[in-house]
Amino acid sequence: MIGRLKHWFTAPAAQAVGADAVLGDETSRAKLLEEMQALNRDPYFQIADEALGLISVFDDLKYDRADADMMTPAMRGHAITKLSPLGFRQTAGTVLENREADVRVFIPKVHALGASPFDVARYTPKRAQDFYLLTPTQTACQYIDAFETDQAVERIKELIAKHPINLLKLEDYLERKESHRDFLSAIGHLKYVQREAVSSEPLCRRRALGSVGF
């Protein structure tokens, strides 16, 4: 019996079935990613980096350094509303899953009110095909840790044009490691870029999700 089962799973036909399943997953995943990219037309939602698996949800136009940086119920609800038609279902309080494409979206928990936005994904591991649903500031932190300083600055400038970030909080939580020290010199320039962005169209008219009259 064991011998027959071993032969079944190692036979060419079984290998072909396995290959077809993998190909099917890849096809479904490619189709899903294309549909997700189309959501970028929504000003409140952005696939910030497909390779890193980052989704940013618009937070606000102006910040104070004391503001809590976390996904509000309105931000979370908006993302779920956008992802649901693409086949994502909430399988846990902080997990959305598209089972056909085998892709999950994680909403990392903030473990403490004063936690660093750089640590948001530290306790929530994901696979290469999965995504994190983040605030713009958390997204910017992922850029800083993933890219060389010049590239991180350019990526953050692109992000700011659609989703401004809390540069004051980001500055406060920069660490002593070399990449963060290098980035510190760009903060002043990014503050200027963000001031210009939020005072101009189309950002100047945008309101936070959940605000009165939205």
Side-chain angles (χ1 to χ4, degrees), residues 21-60 67-113 115-147 152 155-156 158-166 169-170 206 208-211 214:
V22 171
L23 182 60
D25 284 348
E26 290 178 350
T27 301
S28 296
R29 198 170 297 140
K31 181 176 182 294
L32 175 63
L33 291 175
E34 185 177 346
E35 292 173 338
M36 290 176 71
Q37 288 290 349
L39 294 179
N40 286 337
R41 292 192 290 267
D42 181 342
Y44 290 89
F45 187 100
Q46 183 171 351
I47 306 297
D49 193 288
E50 185 178 307
L52 294 177
L54 306 178
I55 298 172
S56 172
V57 182
F58 178 86
D59 189 355
D60 212 334
D67 291 341
D69 186 64
M70 60 181 63
M71 191 71 54
T72 67
M75 293 163 70
R76 175 179 172 147
H78 185 77
I80 292 172
T81 298
K82 289 295 176 179
L83 291 167
S84 292
L86 303 189
F88 283 96
R89 298 294 177 263
Q90 202 160 359
T91 57
T94 57
V95 183
L96 304 172
E97 182 176 10
N98 182 307
R99 290 184 177 174
E100 182 181 357
D102 191 24
V103 174
R104 297 176 190 136
V105 174
F106 293 94
I107 310 170
K109 293 180 180 179
V110 176
H111 291 270
L113 190 60
S116 169
F118 286 96
D119 289 343
V120 66
R122 179 170 294 180
Y123 307 106
T124 308
K126 74 173 184 64
R127 303 165 303 168
Q129 71 262 36
D130 297 331
F131 287 83
Y132 290 127
L133 187 68
L134 304 175
T135 70
T137 305
Q138 292 165 356
T139 301
C141 291
Q142 295 296 304
Y143 286 162
I144 294 168
D145 282 340
F147 299 114
R155 297 298 300 271
I156 291 173
E158 292 173 4
L159 178 67
I160 283 172
K162 188 175 180 181
H163 292 181
I165 67 178
N166 191 335
K169 181 173 287 291
L170 188 153
R206 196 168 303 166
L209 288 164
S211 60
F214 173 75

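Values in this document were obtained by computation on a predicted structure and should not be read as measured data. Heads up: numbering here begins at 1 and tracks the sequence.
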Verdict with reasoning, Val103 to Leu33, per side-chain contact (heavy atoms from CB on, under 4.5 Å):
CA-CA 10 Å; Val103 174; Leu33 291 175; 5.8 Å; no
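Minimum interatomic distance between Leu83 and Met36 (heavy atoms only, all atoms of both residues): CD2-CE, 4.3 Å. Shown here for Phe88 and Asn98, the closest heavy-atom pair between the two residues is CD2-N, 3.5 Å. Counting all heavy atoms, side chain and backbone alike, Asp69 lies closest to Val110 at O-CG2, 4.0 Å. Smallest separation of non-hydrogen atoms from Gln142 and Ala121: NE2-CB, 4.2 Å. Contact detail for Arg206 and Lys162: the closest heavy-atom pair is NH1-O, 2.8 Å. Closest approach of Ala140 to Leu159, counting heavy atoms only: N-CD2, 4.1 Å.
Residues Ile165 and Tyr143 form no side-chain contact, since every pair of their non-hydrogen atoms from C-beta on lies 4.5 Å or further apart.
Checked against Leu39 for a side-chain contact (heavy atoms from CB on, under 4.5 Å), the options Leu86, Ile55, Ile47 give a single hit: Leu86.
Residues meeting the side chain to side chain contact (heavy atoms under 4.5 Å, CB included) test with Asp145, sequence neighbours left out: Phe118, Lys177, His180. Applying the ring pair (Phe, Tyr, Trp, His ring centres under 6.0 Å) criterion to Phe106, with sequence neighbours excluded, gives no partner residue. Asp42 meets the salt bridge (charged side-chain N to carboxylate O under 4.0 Å, His left out) test with Lys82; sequence neighbours excluded. Residues passing the side chain to side chain contact (heavy atoms under 4.5 Å, CB included) test with Arg99 are Thr91, Glu97, sequence neighbours excluded. With sequence neighbours left out, Glu35 forms a salt bridge (charged side-chain N to carboxylate O under 4.0 Å, His left out) with Lys31. In this view, Asp102 and Arg127, Gln129 satisfy the side chain to side chain donor-acceptor pair (under 3.5 Å) rule, not counting sequence neighbours.
Here Thr137 contributes atom OG1 and Asn166 contributes atom CG; the two are 5.0 Å apart, rounded to the nearest 0.5 Å. Considering CG of Leu96 and CD1 of Ile107, their distance stands at 5.0 Å, rounded to 0.5 Å. A distance of 6.5 Å separates CG in Leu170 from CD1 in Ile156, rounded to the nearest 0.5 Å. The CG atom of Asp119 sits 10.5 Å away from atom CD of Gln138, with the distance rounded to the nearest 0.5 Å. Here the CG atom belonging to Asp59 is positioned 10.5 Å from the CE atom belonging to Met70, to the nearest 0.5 angstrom.
Judged by the 6.0 Å and 45° rule, Lys126 forms a cation-pi pair with Tyr132.
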